[in-house]
Amino acid sequence: MLLFAGAGSDPLLLLLAAFALDLALGELPAVFGLLPHPVALAGRAIGWFDHHLNRERRDEPTRRARGVLTVAVLIAGAAALGFALAIVLRAVRLGWALEALLVAVLLAQRSLYDHVAAVRDALDRRGLAAGREAVSHIVGRDPESLDEYGVGRAAIESLAENFSDGVVAPALFYALFGLPGIFVYKTANTLDSMIGHKTPRYLQFGWAAARLDDLLNLVPARLSGVLLAAAALATPRARALPALRTMLRDARKHRSPNAGWPEAAAAGALDLALAGPRRYQGHVVNDPWLGEGRARATPADIDRALRLYLTACLLQWALVAAAYLAVEGPGL
């Protein structure tokens, strides 16, 4: 208990506790089957603004302005809620434990592993149809257009990209800015996933959401790529130098300013070719390939990617622990 004596004001220590809780408890389906998940609550708020402000009869400048207003209101609300909760939790008994649990809920460390492992197992044990069904839960592309290798690539790409969006970025924003930081990041990420699309409905209304998400992920995406490349040093059948080389060479080929960094690092580490042409809701995106390896990703390659991911997560734990010791000193 003395270890957490000052935890209310120490996000690094609470972050380590949150990592452990997320690893042990996962998505807490028993709890969130009864109570709404914080991200689901953010989604409802975004849906309300979308329904009431994003009217097709409005001209483009008006829809863009309304999208900017939506982002400003929801981000300000997320920051205010984070500040309020931080104050309350520092004033109540065992508030540090509640804060660590809340942060754990907003991390996707365990759930990301579980979802990608489910694709591996479905594809390996039950075939292509099962693999397509499993991968449809984690990617936006048309699963029926994917062959066995396409399912494998999609799973690995999702693992790499969501390592940044779901693990590294929320952890970084919490470490730097506490509950307001992680609340703002998760709200921005949810805004982007719901309205930050280049479709006729969202091209203008979702413009601010997409730009904000790109901005917030600039550092986490590159840090994620470096973590994956470094993790290859300690992962069997993974290669660190090719991961770093591929990331530096190919990351900017991706249509996203951020997703290419962890994806290219994973491609180089695993000697695969990722991204490339993909089908989304009836149209083909002709993106270039990342990496120079095989495009034929198998369940065994998904398993190697999961091992690389686990090692990168452990490396992130170690960096947070080292930062804590550097800040607080060894005499605690």
Side-chain angles (χ1 to χ4, degrees), residues 1-49 69-112 164-194 209 212-213 215-217 219-220 316-317 320-321 323-324 327-328:
M1 187 64 69
L2 291 177
L3 181 65
F4 289 93
S9 59
D10 197 328
L12 292 175
L13 196 56
L14 286 179
L15 181 56
L16 289 171
F19 281 145
L21 285 169
D22 177 50
L23 183 64
L25 302 177
E27 291 184 299
L28 296 173
V31 174
F32 293 113
L34 301 173
L35 299 174
H37 193 283
V39 173
L41 290 176
R44 292 179 190 176
I46 296 164
W48 187 92
F49 278 88
L69 176 64
T70 295
V71 170
V73 169
L74 291 177
I75 291 298
L81 179 60
F83 277 116
L85 274 175
I87 292 170
V88 170
L89 291 175
R90 278 157 178 73
V92 302
R93 180 179 172 82
L94 297 181
W96 61 265
L98 294 174
E99 183 167 337
L101 181 60
L102 180 57
V103 175
V105 165
L106 296 175
L107 296 171
Q109 182 183 239
R110 167 75 178 271
S111 63
L112 178 57
S164 175
D165 293 354
V167 182
V168 174
L172 179 62
F173 277 91
Y174 177 72
L176 292 176
F177 306 112
L179 286 179
I182 194 171
F183 277 30
V184 163
Y185 176 78
K186 293 299 289 187
T187 301
N189 192 241
T190 307
L191 277 161
D192 180 63
S193 68
M194 291 184 64
L212 177 62
D213 187 73
L215 177 63
L216 294 182
N217 280 297
V219 172
Q316 183 179 228
W317 286 39
V320 172
Y324 171 73
V327 171
E328 299 297 333

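A quick note: this is a predicted structure, and the numbers were derived from the prediction, not measured.
The only option from Leu107, Leu15, Asp165 that meets the side chain to side chain contact (heavy atoms under 4.5 Å, CB included) definition with Pro170 turns out to be Leu107.
Counting heavy atoms from C-beta on, the side chains of Glu99 and Tyr174 come closer than 4.5 Å. By the 4.5 Å heavy-atom criterion applied to side chains, Leu216 and Asn189 are not counted as neighbours. For the pair Phe173 and Pro220, the minimum side-chain heavy-atom distance is below 4.5 Å.
When all heavy atoms of Ala188 and Leu212 are compared, the closest pair comes out as CB-CD2, 3.9 Å. Here the closest non-hydrogen pair linking Ala17 and Ala100 is CB-CB, 4.0 Å. Nearest heavy atom pair, residue Gln316 against residue Ala171, reads OE1-CB, 3.9 Å. Nearest heavy-atom pair across Thr187 and Leu74 is CG2-O, 4.0 Å. The two residues Leu21 and Ala104 have their closest heavy-atom pair at CB-CB, 3.8 Å. The shortest heavy-atom contact between Val105 and Pro38 is CG1-CD, 3.9 Å.
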Exercise. Please step through side-chain contact (heavy atoms from CB on, under 4.5 Å) for the pair Thr70 and Trp48, ending with a clear verdict.
Key: CA-CA 10 Å; Thr70 295; Trp48 187 92; over 6 Å; no
Quiz prompt | Steps toward side-chain contact (heavy atoms from CB on, under 4.5 Å) verdict (Val103, Leu179) | solution = CA-CA 8 Å; Val103 175; Leu179 286 179; 4.1 Å; yes
Exercise. Assess whether side-chain contact (heavy atoms from CB on, under 4.5 Å) is satisfied between Leu13 and Trp96, documenting all intermediate values.
Key: CA-CA 10 Å; Leu13 196 56; Trp96 61 265; over 6 Å; no
Self-check item: side-chain contact (heavy atoms from CB on, under 4.5 Å) assessment of Leu172 paired with Tyr185
Solution: CA-CA 10 Å; Leu172 179 62; Tyr185 176 78; over 6 Å; no
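Here Ile46 contributes atom CD1 and Ser193 contributes atom OG; the two are 6.5 Å apart, rounded to the nearest 0.5 Å. Rounding to the nearest 0.5 angstrom, the gap separating the NZ atom in Lys186 from the NE2 atom in His37 is 7.5 Å. In this structure, Asp10 CG and Tyr324 OH are separated by 5.0 Å, a value rounded to the nearest 0.5 Å. With rounding to the nearest 0.5 angstrom, the CG atom of Leu94 is 12.0 Å from the CG atom of Leu101.
Within the 3.5 Å criterion, the main-chain N or O of Ala209 finds no donor-acceptor partner in the side chain of Asp213.
Legend: residues meeting side-chain contact (heavy atoms from CB on, under 4.5 Å) with Leu98, ordered by chain and number and at least two apart, are Leu89. Every residue two or more places apart in sequence or in another chain that forms a side-chain contact (heavy atoms from CB on, under 4.5 Å) with Leu23 is listed here: Gln109, Trp317.
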